[in-house]
A.B. asks: 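Could you have a look at this structure, given as structure tokens, before my questions?
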Amino acid sequence: GFISAKYGLPYAEPFTFLTLRFLLALTVLIPFLFLSKIEWPKSTSLYFHVIFAGLLIQSTYLTGVFYGIFLGVSTGVMALIVGLQPLVTGALVAPALGEKIRSSQWFGLALGFIGLGFVVVEKVDFIHQSMFGLLFAIGALAGITIGTLYQKRYCFQVDVRVAVFIQNTSSFFVFGMLAVVFETLKVHWTWNFFFALTWSGIGLSIFGIAIYFFLVKRGAAAKVTSLIYLSPPTTAFMGWLMFNETFTLLALTGLIIAVAGVAIVNK
């Protein structure tokens with residue numbers, strides 16, 4: 001996701017990019033759903049729960065990340081703030097879902113966050129950050145944390161394919177309205193933008209989010225969210241491969257520590 005954003009955002013404003021991303025996802029999903037035998041939610045309340053969870057997990061999270069960076073928050077600071085999700089989720093799963101976190105899992109969660117810190121420490125600068133942008137980052141953290149817990153508690157009966165379709169549809173309308181109101185809607189169609197849009201719309205908004213929902217549905221929330229610790233190290237490694245960005249020994253150490261932490265949580 002971070003890689004595709006780096007490819008795509010120079011050619012379109014954030015809300016415009018996200019609107020096209022969800023439009024592409026729906027273009028693929030609609031014929032697939034008509035050809036598949038799926039069970040749609042039987043009550044209006046279930047539709048509400050799925051839409052609300054999607055607005056938190058996708059709309060709120062993506063708005064916070066994209067516009068936080070757009071307003072000047074560094075990727076390191078953004079990764080560090082959003083990377084608090086597994087710890088915050090671990091603190092909330094007991095009262096929200098009745099799940100218990102063992103002491104060894106708390107150790108794994110803490111270790112994962114330390115590994116994340118090693119990866120992004122050279123990119124962290126809280127002094128020159130936009131306060132408004134930091135609020136967007138905190139909003140992204142709140143959105144994906146609360147949305148994940150809400151999805152786990154209220155949407156477990158819903159077919160994952162249906163949830164992905166409904167949430168992509170609601171996000172398309174939300175970002176479409178925001179793009180019309182706040183942006184110019186200009187797009188520079190290049191091969192880089194086409195690659196970024198295709199990967200975001202199909203790879204992330206369909207397959208990535210479907211896998212995430214499947215894992216949340218089948219497993220403990222803290223275990224699933226611990227995997228997010230692997231995102232910044234993987235992104236740093238991919239940035240080194242694709243953009244010739246620096247991947248230091250400290251970042252490599254952080255990657256190893258984060259993997260160890262995630263392994264302990266999921267053991």
A.B. asks: Looking at His188 versus Phe193, is the centre-to-centre ring distance below 6.0 Å?
C.D. replies: no
A.B. asks: Which heavy-atom pair separates Leu92 from Thr145 by the least distance, and what is that distance?
C.D. replies: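 In this case the closest contact between Leu92 and Thr145 is CD1-CG2, 4.2 Å.
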A.B. asks: Look only at the side chain of Asn168 and the backbone of Ser205, and say whether a donor-acceptor pair between them is shorter than 3.5 Å.
C.D. replies: yes
A.B. asks: Do Val187 and Phe172 land in one hydrophobic cluster if side-chain heavy atoms of ILVMFWY residues count as linked below 4.5 Å?
C.D. replies: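 Result: yes, single cluster for both.
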A.B. asks: Would you mind reporting whether Tyr11 and Trp189 have side-chain heavy atoms less than 4.5 Å apart?
C.D. replies: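 A side-chain contact under 4.5 Å is absent here.
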A.B. asks: Got a donor-acceptor contact below 3.5 angstrom from the Glu99 side chain to the Ala221 backbone?
C.D. replies: yes
A.B. asks: Keeping the roles fixed (side chain from Ser59, backbone from Leu56), state whether a donor-acceptor pair exists under 3.5 Å.
C.D. replies: no
A.B. asks: I'd like to know if Leu249 and Leu116 are part of one continuous hydrophobic network [Ile/Leu/Val/Met/Phe/Trp/Tyr, side-chain heavy atoms within less than 4.5 Å].
C.D. replies: yes
A.B. asks: Are Phe34 and Trp40 linked, directly or through intermediate hydrophobic residues, by side-chain heavy-atom contacts shorter than 4.5 Å (ILVMFWY only)?
C.D. replies: yes
A.B. asks: Is there a side-chain contact between Val259 and Tyr229, using heavy atoms and a 4.5 Å cut-off?
C.D. replies: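 Answer no - side chains too far apart.
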A.B. asks: Hey, does the side chain of Thr60 reach the backbone of Leu55 with a donor-acceptor pair shorter than 3.5 angstrom?
C.D. replies: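 Here the side-chain-to-backbone pair exists.
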A.B. asks: For Ala140 and Val82, which heavy atoms make the closest approach, and how far apart are they?
C.D. replies: CB-CG2, 4.4 Å
A.B. asks: Are any of the side-chain heavy atoms of Trp106 and Val265 separated by less than 4.5 Å?
C.D. replies: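 Sidechains of Val265 and Trp106: no contact.
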A.B. asks: When you measure from the side chain of Gln167 to the backbone of Ala53, do you find a donor-acceptor pair of N or O atoms at a distance under 3.5 Å?
C.D. replies: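 Absent.
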A.B. asks: With a 6.0 Å cut-off on ring centres, are Tyr154 and Phe52 close enough?
C.D. replies: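 They do not qualify: ring centres at least 6.0 Å apart.
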A.B. asks: Minimum heavy-atom separation for Ala163 to Phe213, with atom names?
C.D. replies: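 Ala163 and Phe213 have their closest heavy atoms at CB-CD1, 4.4 Å.
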A.B. asks: Measure across Gly8 and Phe17 and return the closest heavy-atom pair with its distance rounded to 0.1 Å.
C.D. replies: CA-CE1, 3.9 Å
A.B. asks: Tell me whether Lys186 contacts the main-chain N or O of Glu13 through its side chain, where contact means a donor paired with an acceptor under 3.5 Å.
C.D. replies: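 No: the side chain of Lys186 does not pair with the backbone of Glu13.
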A.B. asks: Closest heavy-atom contact between Ala210 and Val160?
C.D. replies: O-CG1, 3.5 Å
A.B. asks: Hydrophobic cluster membership, with links at side-chain heavy-atom distances under 4.5 Å among I/L/V/M/F/W/Y: are Phe156 and Leu97 in one?
C.D. replies: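 Different hydrophobic clusters.
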A.B. asks: Distance-only, no hydrogens or angles: does the Gln151 side chain make a donor-acceptor pair with backbone N or O of Val216 under 3.5 Å?
C.D. replies: no
A.B. asks: Consider side chain to side chain contact (heavy atoms under 4.5 Å, CB included). Of Leu204, Val174, Ile57, Leu18, which one does Leu62 pass it with?
C.D. replies: Leu18
A.B. asks: Okay, side chain of Glu183, backbone of Thr16: is any donor-acceptor separation there less than 3.5 Å?
C.D. replies: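 Looks like yes, one N/O pair under 3.5 Å.
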A.B. asks: Kindly give the heavy-atom pair with the smallest separation between Ser36 and Arg161, and that separation in Å.
C.D. replies: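 Answer, listing the atom of Ser36 first, then Arg161: CB-NH1, 4.2 Å.
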